[in-house]
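Reading through the structure tokens given below for one structure.
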Number of protein chains: 2
Amino acid sequence: METLRERKKQRTREALLRAALELFTTRGYERTTVDDIAEAVGVSQRTFFRYFAGKEEAAFAVQDLVEERFVAAVRARPAGETPLEALRHALTEGWDTLSEAVEDVVPVELYLRMYRLVESTPALLAAHLRRSAGTEDRIARVLAAREGLDVDADPRPRIAVAVFGGVMRVTERQWSLGEDFSLDAIRALTTAYLDQVGPALTGDWRPV
Amino acid sequence: METLRERKKQRTREALLRAALELFTTRGYERTTVDDIAEAVGVSQRTFFRYFAGKEEAAFAVQDLVEERFVAAVRARPAGETPLEALRHALTEGWDTLSEAVEDVVPVELYLRMYRLVESTPALLAAHLRRSAGTEDRIARVLAAREGLDVDADPRPRIAVAVFGGVMRVTERQWSLGEDFSLDAIRALTTAYLDQVGPALTGDWRPV
DNA sequence: AGGCTAGTGACAGTCGCTGACAATTGACAA
DNA sequence: TTGTCAATTGTCAGCGACTGTCACTAGCCT
């Protein structure tokens, strides 16, 4: 029971988002102007900026959704799990249900193409890393709360999350450089790399 | 035995850099225009862009130097050390000799003020994280070479560096939020946090 | 039906940044 | 010294991201 106005706004936003991602992933991020996006949807440039604070925000609108789900998933993990277990399970669980969640907004395939584009576009990579830092901060707070610690007094929550996040970034990069751009591929890579944290911190890196 | 032209260029670049950092740290990064910097030095805006690719490059010119030294330090570490030992020692060694290295270009105090500004300026933080990612990549290659591994086949070098880098970012953040902005403070924080990696990855976070 | 207001377009302006061209200034040989 | 060449710089024009302003239109509500 929503008003016509709201439906119209929703549709405009969705059209802008989809057009933006489509243009970004085909033509490239830098080579896509805001005017291009606005024109593709048939609105003025000014209207684009009323829906998105900038190109960047449009580029990460879906990613926002995904990360929000991840934070929620961590929060929902049973208290019996250790922090790292909670992170890991929340993550794999997130991959499992990602398709349905994303598909509500844009085709998953478009999201994955965008995800790859981020790695190869310096401006987007920078934005992504900064946003990840923000998400990591929130997760550190969740973990600290789970364990009854003060996140500002005890560095362990932040460090654990930073380590986890670091591995995820390596994973993303490797995935985007590979040839299998499926969800299964990134899921497999994720677990494989998380298993390598222990060995990586060990002194002896005997060739495998 | 350098020509007058070269000396003049050197002085212009130095003046631009110093003016930029001074303005950034007093007025703020976003609130400083390139015209401001150029005018402070008495050159045209176009000339600024002939010395620096953009505001960002000026902001990180000193940091470039510092990171370059760090990479070199890692490369110079004795082969007997484990990868993590090498990183840690290169880092603390870097702090020890930072003043002399930086002071050749700008006052250390200015550099440290800039370093703090990065944490509180989203645009700079994003740029910093992207640049750090680049540095981490280079270090991963150095470590892989040290251990005779293929950095693209074995994920351990990248993971180890990502973990190390993650801890460093947490350290930087905490330092910039604290009250002691001395080099000693950041050095102490660095070693303290690195010692927390083990405990942070452990399951039980019993309140201290 | 008519007033109210959210949403939009049109316009002007700022700032980062780039290309092109002309003017200047140091380098170097005659 | 002077003239030539090349490097450095300033000026100007223009693009793209983004913002403020204001008038206008279209949905909402009585």
Side-chain angles (χ1 to χ4, degrees), chain A residues 1-17 19-21 23-24 26-61 117-118 121-128 130-131, chain B residues 1-17 19-21 23-24 26-61 117-118 121-128 130-131:
Chain A
M1 116 130 269
E2 43 177 21
T3 167
L4 167 64
R5 231 181 221 164
E6 282 164 338
R7 249 176 299 143
K8 230 174 168 178
K9 268 180 65 175
Q10 200 57 36
R11 264 191 293 124
T12 304
R13 191 193 139 86
E14 209 170 296
L16 280 171
L17 180 56
L21 298 193
L23 285 169
F24 289 161
T26 54
R27 192 180 307 180
Y29 179 72
E30 325 256 11
R31 288 155 49 88
T32 303
T33 73
V34 174
D35 285 306
D36 290 337
I37 303 169
E39 195 185 358
V41 177
V43 298
S44 72
Q45 189 216 49
R46 197 66 184 83
T47 292
F48 173 89
F49 285 110
R50 290 201 176 95
Y51 283 91
F52 300 97
K55 274 172 76 174
E56 189 187 300
E57 192 176 299
F60 289 106
L117 181 66
V118 169
T121 308
L124 285 179
L125 180 57
H128 175 56
R130 189 199 53 207
R131 292 164 37 84
Chain B
M1 181 79 263
E2 42 177 19
T3 168
L4 166 64
R5 232 178 218 167
E6 282 165 337
R7 249 176 299 143
K8 227 174 170 180
K9 267 180 66 175
Q10 200 57 37
R11 265 192 291 124
T12 304
R13 191 193 139 87
E14 210 169 296
L16 281 170
L17 179 55
L21 297 193
L23 285 168
F24 290 161
T26 56
R27 193 181 305 181
Y29 179 72
E30 326 256 12
R31 287 155 49 88
T32 302
T33 72
V34 174
D35 285 308
D36 290 337
I37 303 169
E39 194 186 358
V41 177
V43 297
S44 72
Q45 189 218 49
R46 197 65 184 82
T47 293
F48 172 89
F49 284 109
R50 290 202 175 94
Y51 283 92
F52 300 97
K55 274 172 75 174
E56 190 187 301
E57 192 175 297
F60 289 105
L117 181 65
V118 170
T121 307
L124 286 179
L125 180 58
H128 174 56
R130 188 198 54 207
R131 292 164 36 84

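Numbered from 1 within each chain, the chains take letters A, B, ... in sequence-line order.
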### Message
What is the distance, to the nearest angstrom, from the CD atom on B:Q10 to the P atom on D:dT8?
### Response
12 Å

Collect all protein-nucleotide pairs involving nucleotides 15-22 of chain D in which both atoms are nitrogen or oxygen and the distance is under 3.5 Å.
residue	atom	partner	partner atom	Å
D:dA17	OP1	A:T32	O	3.3
D:dA17	OP1	A:K55	NZ	3.2
D:dA17	OP2	A:V34	N	3.0
D:dC18	OP2	A:K55	N	2.9
D:dG20	N7	A:R46	NE	3.3
D:dG20	N7	A:R46	NH2	2.9
D:dG20	O6	A:R46	NE	2.7

### Query
Rounded to whole angstrom units, what separation is found between the CG atom of B:L16 and the C1' atom of C:dC17?
16 Å

### Any B:F52 side-chain heavy atom under 4.5 Å of B:V34 side chain
no

### Query
Does B:Y51 make a side-chain N or O approach to OP1 or OP2 of D:dT9 shorter than 4.0 Å?
yes

### Task
Might you point out which heavy atoms bring B:R31 and B:D36 nearest each other, and give the distance in Å?
O-OD2, 4.0 Å

### Task
Compare every heavy atom of B:I37 with every heavy atom of B:A20, then report the nearest pair and how far apart it is.
CB-CD1, 3.8 Å

### Task
Over all heavy atoms of both residues, which pair between A:A123 and A:Y29 is shortest? Give the atoms and the distance, please.
CB-CE2, 4.4 Å

### Nearest atoms (heavy-atom pairs only) where A:A58 meets A:L17
O-CD1, 3.3 Å

### Task
Return the minimal non-hydrogen interatomic distance between A:A40 and A:L23, and the atom names on each side.
CB-CD1, 4.4 Å

### Query
When you check the gap from the basic side-chain N to the acidic O, do B:E56 and B:R130 get nearer than 4.0 Å?
yes

### Message
If I compare all heavy atoms of A:A19 with all of A:V41, which pair ends up nearest, and what's the gap?
### Response
CB-CG2, 3.7 Å

### Query
Rounding to a whole Å, what distance do you find between B:R11:CZ and C:dG26:P?
11 Å

Return the polar atom pairs (N/O with N/O) between nucleotides 2-6 of chain D and the protein under 3.5 Å, or none.
none

### Query
Separation of A:E2 atom CD from C:dA6 atom P, in whole Å?
18 Å

### Query
Between atom CD in B:E39 and atom P in D:dT9, what is the gap in whole Å?
18 Å

### Task
Using a 4.5 Å cut-off on heavy atoms from C-beta on, say whether the side chain of A:F60 contacts that of A:V118.
yes

## Note on the structure
Whole-Å distance, A:K8 NZ to C:dG9 C1', equals 14 Å

### Query
Under 4.0 Å between a side-chain N or O of A:K9 and OP1 or OP2 of C:dA6?
no

